[in-house]
Structure formats: C-alpha cells, structure tokens
S.K.: 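Before I ask anything, let me first share the structure, which is written out below as structure tokens.
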Amino acid sequence: MSETLRVIVADDETTIRAALAALLSLEADLEVVAQAADGREAIDQARRHRPHVVVLDLEMPGPDGIATAAELRRSVPDCAVVLLSGRGRPAHLRDALEAGASAFVAKGAPAGTLAEVIRDVRHGERYVDPALAADAITAPPNPLSERELEVLRLAALDLPTAVIARRTNLAGGTVRNYVAAATAKLGAQSKGQAIAIARAHGWIR
C-alpha cells in the first residue's frame, strides 16, 4: 500500500485555502491534516502534526511564505515546503530555494499538478513552475547595491530619514544620497515610484 502523505495548507484567503484543502483531500494518498491562515499558525500546526509537506502561500501575513519556509526547515526538518505564488520574481525564487523550499508552484495550477508536486518533493525532488521560471529568467537584473537596497527597504516602511540613518549607521545626507541613487538607477521620478519598482521586481519586500 502506498504511503499516505500528511499535508498542511496555509493561505490567508479563507476561500482559497478551503478549496485547495478540499481538492487535495480528493487524492487517495493525500490527507490534509490542518489548515493555517498565516505563517505563525502554519509553523505551530506543523510542529503539532509533523506533516510530510506544507503548502504555503508566498505572500502571507506574519511571517511570509519564505520566512515561514526557513523556520520550518529549522523546526520541522523532515517536512518539505511547496510555495504558491502568482508571480515569478527572481529574488523570490532565489530566496525561496535558499530558505529551504522544495517547490515553487503557480497559484491557480490544477490540483492534480499540485498533488504530483507534493508527491515529488516528498521523495526529495524539486520543482519550479515553467511559467514562473520563464518570468524570472526574462526579468531585468537588480541594479541596486546592497546599501541602496537596505536604505530603500527602510524607506518603504515610511521611516524618517533620521531613523533610517540611525538604523544604518549613516549620516542623514548619505541616506538621502542612497535614495537618490536608487531612484535614478531605476529610472523613477520619485522615491515612492522607486520603492514600487523595487517591490514589483521582488528586490525588496
């Protein structure tokens, strides 16, 4: 008799989460043992149920899918992680694999495809949806330096320049220079537009 795989489904959208769990439960060899509405609940449920696979939405509240995957690798190392995403951002793909995710699947993929991926990652295989991979490959490279990314990431939190300066151990003028440099490199007309561009490409979250 084939192994029954214990699965947890985590998505902050209740309708999507319930539908996905119901569809996966139709597979004879898959058992959805729990559902979670955010990253923290997914981690708690995984520690409780010790699933074979956790299916995570990439963009979830507290913590997001990538951070949750990293924590699961530490606290439930025998559990494989499948991330669901609507966009194939290069930074997200790289970060997901580094965090320990075994698969990156497009949201809206057929339940049968997801079920096959779940079976594959249980046996140590990896999978990246071809469409997401193609989007990532054709995306432009990140032109920003680590310092520019750091400052822009803090600026995206709507922090004052003085606070960013303290957090980065930089002078206020230097912070403004980094923001201006990042804005120019991205061809943006404003700091806000630069932040939006960087987020759209997955360079900052």
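Note that these values count all heavy atoms, side chains included, but never hydrogens, waters or copies made by symmetry.
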S.K.: Quick check on the hydrophobic clustering: are Val33 and Leu56 connected, directly or via other members, by side-chain heavy-atom contacts under 4.5 Å?
M.R.: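 Both belong to a single hydrophobic cluster.
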S.K.: Which heavy atom of Ala42 sits nearest to which heavy atom of Thr68, and what is that distance?
M.R.: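 Here Ala42 and Thr68 meet closest at CB-CG2, 4.2 Å.
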S.K.: Work out which heavy atom in Arg73 is nearest to a heavy atom in Ala99; give both atom names and the distance.
M.R.: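 Smallest heavy-atom distance, with atoms named: NE-O, 3.5 Å.
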S.K.: Quick one: are Asp78 and Arg50 in side-chain contact, heavy atoms under 4.5 Å?
M.R.: no
S.K.: Check each of Leu114, Val82, Ile118 against Val7 using the side chain to side chain contact (heavy atoms under 4.5 Å, CB included) test, and report the only one that passes.
M.R.: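 The side chain to side chain contact (heavy atoms under 4.5 Å, CB included) with Val7 is passed solely by Ile118 among Leu114, Val82, Ile118.
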S.K.: Hey, could you give me the CZ/CG distance between Arg126 and Leu97, rounded to the nearest 0.5 Å?
M.R.: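 Those atoms lie 5.0 Å apart.
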S.K.: With side chains defined as the heavy atoms from C-beta onward, is the minimum distance between Val121 and Val53 less than 4.5 Å?
M.R.: yes
S.K.: At their closest point, which heavy atom of Ala165 faces which heavy atom of Val175, and how far apart are they?
M.R.: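 Ala165 and Val175 have their closest heavy atoms at CA-CG2, 3.7 Å.
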S.K.: To the closest 0.5 Å, what do you measure between CG (Leu83) and CG (Asp64)?
M.R.: 9.0 Å
S.K.: Ile66 versus Leu58: any side-chain heavy-atom pair under 4.5 Å?
M.R.: yes
S.K.: Taking side chain as C-beta onward, heavy atoms only, is Arg147 less than 4.5 Å from Thr168?
M.R.: yes
S.K.: Got Val76 and Val54 here, is their nearest side-chain heavy-atom distance under 4.5 Å?
M.R.: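 Not in contact.
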S.K.: Could you check if a side-chain atom of Glu71 sits within less than 4.5 angstrom of a side-chain atom of Arg47, using non-hydrogen atoms only?
M.R.: yes
S.K.: Are Leu26 and Leu23 close enough that some pair of their side-chain heavy atoms sits under 4.5 Å apart?
M.R.: yes
S.K.: Is there a continuous path of hydrophobic side-chain contacts, each under 4.5 Å between heavy atoms, that joins Leu152 to Val163?
M.R.: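 Per the 4.5 Å side-chain linkage, Leu152 and Val163 are not co-clustered.
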S.K.: Donor-acceptor check, side chain of Glu148 to backbone of Leu144, threshold 3.5 angstrom: yes or no?
M.R.: no
S.K.: I'd like to know if Ile204 and Leu154 are part of one continuous hydrophobic network [Ile/Leu/Val/Met/Phe/Trp/Tyr, side-chain heavy atoms within less than 4.5 Å].
M.R.: no
S.K.: Could you report the tightest heavy-atom contact between Asp12 and Pro61, atom names first, then the distance?
M.R.: CB-CD, 3.6 Å
S.K.: In terms of hydrophobic clustering (I, L, V, M, F, W, Y; side-chain heavy atoms under 4.5 Å; direct or indirect links), are Ile195 and Trp203 co-clustered?
M.R.: yes
S.K.: At their closest point, which heavy atom of Gly172 faces which heavy atom of Thr161, and how far apart are they?
M.R.: O-CG2, 3.6 Å
S.K.: Check Pro143 against Leu186 and note the closest heavy-atom contact, atom names and distance.
M.R.: CG-CD2, 3.8 Å
S.K.: How about Ile164 and Tyr178: do any of their side-chain heavy atoms sit closer than 4.5 Å?
M.R.: no
S.K.: Rounded at 0.5 Å granularity, tell me how far CD1 in Ile16 sits from CD in Glu13.
M.R.: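 Here the rounded value is 3.5 Å.
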S.K.: Hey, what do you get for CZ (Arg122) to CZ (Arg6), rounding to the nearest 0.5 Å?
M.R.: 7.5 Å
S.K.: Give the cluster check for Val55 versus Leu30: same hydrophobic cluster or not, with ILVMFWY residues linked at side-chain heavy-atom distances below 4.5 Å.
M.R.: yes
S.K.: Hey, what do you get for CG (Leu72) to CD (Gln45), rounding to the nearest 0.5 Å?
M.R.: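 One gets 11.5 Å once the value is rounded to the nearest 0.5 Å.
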S.K.: If I take atom CZ from residue Arg199 and atom CD1 from residue Ile197, how far apart are they, to the nearest 0.5 angstrom?
M.R.: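 Result: 12.5 Å between the selected atoms.
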S.K.: Show the numbers, then the answer: is there a salt bridge (charged side-chain N to carboxylate O under 4.0 Å, His left out) between Lys107 and Asp57?
M.R.: CA-CA 8 Å; Lys107 261 193 167 183; Asp57 181 24; 3.3 Å; yes
